[in-house]
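Report on the structure given below.
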2 protein chains.
Amino acid sequence: MPRQGARAGAGVQAGRAPVTLAQIARQAGVHVSTVSRALSTDDDVRNGVATETATLIRTLAEELGYQRDPAGAALRTGRSRMLGVLVPRLTDIVLATVYEGIDAAAAAAGYHTVVANTSDDPQLQRRRADALLARRVDGLVLGDARSDSDLVAELARQHIPLVLVSRRLPGRVSVTADDLLGGRLAGEHLLDLGHERVAVVAGEPYASTGAERTQGFLDAFAEAGLPVPESHVVRSPFDVPGGRAAAEHLLSLRPRPTAIFAVNDFAAIGVMAAVRDAGLLVGRDVAVVGYNDVPLAAALPVPLTSVSSPMYRMGELAATTLINMLNGKPARSRRLRPTLVARASTLAGGPLGTDG
Amino acid sequence: MPRQGARAGAGVQAGRAPVTLAQIARQAGVHVSTVSRALSTDDDVRNGVATETATLIRTLAEELGYQRDPAGAALRTGRSRMLGVLVPRLTDIVLATVYEGIDAAAAAAGYHTVVANTSDDPQLQRRRADALLARRVDGLVLGDARSDSDLVAELARQHIPLVLVSRRLPGRVSVTADDLLGGRLAGEHLLDLGHERVAVVAGEPYASTGAERTQGFLDAFAEAGLPVPESHVVRSPFDVPGGRAAAEHLLSLRPRPTAIFAVNDFAAIGVMAAVRDAGLLVGRDVAVVGYNDVPLAAALPVPLTSVSSPMYRMGELAATTLINMLNGKPARSRRLRPTLVARASTLAGGPLGTDG
DNA sequence: CCTCCCTTCGCAATCGATTGCGATGAGGCT
DNA sequence: AGCCTCATCGCAATCGATTGCGAAGGGAGG
């Protein structure tokens, strides 16, 4: 007799006494399998139980406070009802917002999520993904897909259900914002204001977000007959110091750009700092456009013009798409429409001359 | 014969074929129980296996890529090796940083974490906690403890292992920063600069963080013989609009305060906005002190003086404390020391006169 | 009145890992 | 040489939920 008494792993919490199917079965005078069926969420299964038996069991379960043991269910079914989520970092409010959407939609569908930070580091991505898989998550939502890594391809080869979010990758199911359009919106906004000499803080090349926002922006100017020279497009990390350093370089160019588009609000804040440090005024001497429209953008001393994407909704859609996949339904990629929010960082001074 | 073939829940991912103890046992020519013992992390258990048998099994497991099935282990042991974490919101960089620390320390100890947002809403706190418990987490880290709610007491009554983080509650094990000291540091800093008429944006009363920071600040001024009148202490949400609204009120007082302490950086940013809106200059006309020293504080147009607490470390300690509890070791509360980082928002203009 | 069918349940195996106890064997001791 | 001890390992039960199959029961139709 392996067990001597109560629960083995009860450990510290002596008080908990989880209700099991067997207890309900005993009280209801039926077999445990009947209870399982009555409590099933699957209609086909539940229909095998007489209505009055089912309601009896249902109310009994309610009274006793029954909660299905996920370990038992997972062991038998092979599905954990847990989703793994990989993000570059949760301290980035953009990804944190996406994650909140993911978690909300997952919870609504009876799934839990487990997140992990990868710092955009390929080694960490692999390690974290393995850890999640070891936890037997049913699928993955990847918010940190890199175009220069083959991790996603490997996971796909193992037939692991996955959905990309925020960043795209050719041939993979993803839920993203239309970054190409977003970049174009930023470009057209500056064109409307009369800017002709502009520059781009383009983010990291391995992220489709930065790459496509940049491309959309460049497209707009190219189509307007004002192609942006390559020297005016610089890569940079997606943060304040990164944007600041990039802008310091761009502001040293002669003639100086009259506007700078940063593919990320934090980089844009760094750009604004560099503009001030150069003794210039944001919005009058140099227009600045950011991307993501984080809450802070509107609260800055010079409110930041930014492109807004439905990040929370993106997370929700990513989760539901993955869950549909798990249920065998076909899944398709989605691209959500961004909008531009114009503020003082581009409007303060009105259009600048071509030789300001 | 309930099963017809391969794995039942394989679902979409047809490729995965998890290695089990039984497979290793077969290849090693030993019983599955021996494999289990050889692979155990518990030394007492592993010592029951001969060294060479153990190494054989260990290398075999490595080659086959064995990963313990958490469901099987959890079912038998009653422990899921999962920790539940409750935070007000993950989009708050402060809590996100704490959570990163929690997750890192948990992962290092072989635990996974599951987070949930509660929006500081008592109803949601209960629901999320229940959901986590239904998932059979081994313990909880609560980052959203409210002094006006009895949820924590209820959980404790059920003997659920838990540790508070960030916010304290009397009689509970917690890992926090010394907010009383932090508030005092802010107060002493302003006293050193000669301020005599100050005000406080005190945050929400149910959070020990805001309450204690405020108290420490008031203590410093009271001990200096310059008690702050109640009318100069206003509560507010921990965000930009909240700080802005509170500051608009405070700036309308006559004589106007020469300095404002906000118990949270985002509220402080709102304060700075209100100061600007009033046509005043932050750091010269009105000094502003924030709290938490978020990365953005240093990047603001007028860099923000702020009290810095080791948030990541706080998360790490909270997780290890909880895990120690789970292992039956005694746990004690910890209070980490904050430090003040002085910047232009208090230094720009030097001390102001008493009738500025 | 008998037979057939359908609804409703029970039976029992099963998922993978853990663990108390007992069996086996080797070695040392008297 | 016989017995005892200890190290090592196997046996089998067990955690809780799920599910294919079969049985029992009731009702309807011939």
Comparing A:Gly29 with B:Gly72, nearest DNA chain C nucleotide closer to 5' gives the residue A:Gly29
A:Arg76 side-chain N/O to D:dC15 phosphate OP1/OP2 under 4.0 Å | no
Rounded to whole Å, the NE2-C1' distance (A:His31 to D:dG20) equals 14 Å
note: A:Arg26, atom CZ; D:dA17, atom C1'; distance rounded to Å ~ 15 Å
inquiry  = So, does A:Arg37 get its side chain near the phosphate of D:dA17, meaning an N or O under 4.0 Å from OP1 or OP2?
reply    = no
- prompt: For C:dT8, does OP1 or OP2 lie under 4.0 Å from any side-chain N or O of A:Thr53?
  reply: no
Of the candidates D:dG16, D:dT18, C:dA17, the side chain of B:Leu75 sits closest to D:dG16
From CZ of A:Arg68 across to P of C:dC15 the rounded distance in Å is 20 Å
Item to complete: Answer yes or no: does a side-chain N or O of B:Ser36 lie under 4.0 Å from OP1 or OP2 of C:dT18?
Response: yes
Exercise. Would you say C:dC9 has OP1 or OP2 under 4.0 Å from some side-chain N or O of A:Ser33?
Worked result: no
Rounded to whole Å, CD1 of B:Ile57 lies from C1' of C:dA17 at a distance of 14 Å
Result for side-chain contact (heavy atoms from CB on, under 4.5 Å) between A:Thr53 and one of A:Thr51, A:Ile57, A:Thr55, A:Leu56 points to A:Ile57
Atom CG of A:Asp69 and atom P of D:dT14 are separated, to the nearest Å, by 18 Å
| request: Give a yes or no answer on whether the side chain of A:Arg334 reaches the backbone of A:Ala318 with a donor-acceptor pair at less than 3.5 Å. | output: no
> Would you say A:Gln123 has more than 12 foreign heavy atoms packed within less than 6.0 Å of its CD?
Replying inline: no
Atom CZ of B:Arg136 and atom P of D:dC15 are separated, to the nearest Å, by 14 Å
Which of C:dA17, C:dC9, D:dT18 is nearest the side chain of A:Ala50? It is C:dC9
For B:Val35, report the nucleic acid contact type (base, sugar-phosphate, nothing); a contact means any heavy atom under 4.0 Å.
-> nothing
Between CD of B:Gln23 and C1' of C:dA17 the distance, given in whole Å, is 14 Å
Given the options B:Leu86, B:Val152, B:Leu155, B:Leu140 meets side-chain contact (heavy atoms from CB on, under 4.5 Å) only with B:Leu155
Any donor-acceptor pair under 3.5 Å linking the side chain of B:Asp144 with the backbone of B:Ser119? no
A:Arg135 atom CZ is separated from C:dG16 atom P, nearest whole Å, by 17 Å
